[in-house]
Asks: 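Following this message is one structure expressed as structure tokens.
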Protein chains: 2
Amino acid sequence: MRIGELATKTGVSVRALRYYEEQELLGAVRSGGGQRHYADTAVERVELIQLLYAAGLSSRTVRDLLPCVDSGVSTPQSRAVLAGERDRIDRQIAELTRAREKLDTIIAATSAPNPACPYVN
Amino acid sequence: MRIGELATKTGVSVRALRYYEEQELLGAVRSGGGQRHYADTAVERVELIQLLYAAGLSSRTVRDLLPCVDSGVSTPQSRAVLAGERDRIDRQIAELTRAREKLDTIIAATSAPNPACPYVN
DNA sequence: CTAGAACCTGACGCTGACGTCAGATGCAAG
DNA sequence: CTTGCATCTGACGTCAGCGTCAGGTTCTAG
């Protein structure tokens with residue numbers, strides 16, 4: 001599978017895939033002419049990378065964790081990183097939940113008929 | 001209240017407060033010498049800005065919404081923005097939840113005793 | 001064999017929310 | 001009056017995850 005096909009299958013850009021390789025997140029074998037060829041499993045790998053990015057992990061952190069995912073074995077350090085990121089995500093969810101509640105409050109407050117000027121709405 | 005005091009009270013930097021003014025998110029009256037002076041309500045205002053930032057809103061969006069918060073009145077446009085941001089936050093929470101589950105899976109998989117090498121753990 | 005689509009390697013550009021530094025001024029205490 | 005901390009205005013620096021462009025090469029269909 002070449003890079004264009006992987007890009008369309010995963011929905012990420014060709015540039016991004018090359019960036020992942022540069023960051024050592026995604027390996028590829030090279031053809032004689034130097035073109036990248038990917039295994040089928042690369043699709044899941046890219047999706048995992050995207051998921052972790054969306055969760056706020058840096059490429060550095062992802063790079064450190066991927067070997068651990070592949071091997072199924074974690075070191076005390078990687079366990080600490082994993083737990084730390086999980087807690088950070090928990091806090092972020094809590095913050096987002098608060099923000100959503102705040103937005104709901106604003107929506108309710110501004111959508112309600114204005115008592116001082118009832119015909120505005 | 002001068003800028004340094006507001007900074008310590010809210011936990012954000014002096015630079016950030018000046019940036020908020022530049023983005024028209026936070027007003028201040030000036031003393032004769034040009035120094036900024038803030039009302040007590042500025043503390044809540046800054047906390048609101050931080051909350052919205054943390055939720056992924058841009059300063060542009062926050063600027064558009066603040067008048068609506070202050071006046072208690074929303075326009076159809078601002079209602080659309082509010083609803084859109086709320087939905088985006090919902091999707092983001094869902095994504096984070098998925099990521100957390102994935103991390104939990106990884107933690108469980110790598111922390112479990114390795115069947116091929118049981119004494120590693 | 002050849003056209004042209006897909007791919008390659010640099011390398012610079014972009015964005016947002018500030019950090020940071022320089023040099024000048026304001027303000028309260030002694 | 002002076003010391004010295006707080007504040008001021010500009011303006012450049014940062015960082016990550018790519019976008020984009022230039023100029024050259026590889027692969028595949030006909």
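Protein chains get the first letters and strands the later ones, always in sequence-line order, with residue 1 at the start of each.
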Asks: Quick one: which of dT9(C), dA17(C), dG17(D) gets closest to the side chain of Arg30(A)?
Replies: dT9(C)
Asks: Is a donor from one side chain sitting under 3.5 angstrom from an acceptor on the other, for Gln23(B) and Arg63(B)?
Replies: no
Asks: Measure CD/Gln35(A) against P/dT25(D) and give the value in whole Å, please.
Replies: 14 Å
Asks: In whole Å, I'd like the distance from the CD1 atom of Ile49(B) to the P atom of dA17(C).
Replies: 11 Å
Asks: Of Gly33(A) and Arg36(B), whose closest DNA chain D nucleotide lies nearer the 5' terminus?
Replies: Arg36(B)
Asks: Using a cut-off of 4.0 Å on non-hydrogen atoms, how would the nucleic acid contact of Arg60(A) be classed: base, sugar-phosphate, or nothing?
Replies: nothing
Asks: Closer than 4.0 angstrom, basic N to acidic O: yes or no for Arg88(B) and Glu85(B)?
Replies: yes
Asks: In whole Å, I'd like the distance from the CZ atom of Arg15(A) to the C1' atom of dT9(C).
Replies: 11 Å
Asks: To the nearest Å, give me how far apart CD (Glu5(A)) and P (dA5(C)) are.
Replies: 19 Å
Asks: Look at the side chain of Gln50(B) and decide which nucleotide, out of dC18(C), dA16(D), dC7(C), has an atom nearest to it.
Replies: dC18(C)
Asks: How is Arg2(B) classified with respect to the nucleic acid when contacts are heavy atoms under 4.0 Å: base, sugar-phosphate, or nothing?
Replies: sugar-phosphate
Asks: Return the value, rounded to whole Å, for the distance between atom OH of Tyr38(B) and atom P of dA6(D).
Replies: 16 Å
Asks: In whole angstroms, how far is the P atom of dC12(D) from the OH atom of Tyr19(B)?
Replies: 17 Å
Asks: Roughly, in whole Å, what's the span from CD in Glu21(B) to C1' in dT7(D)?
Replies: 13 Å
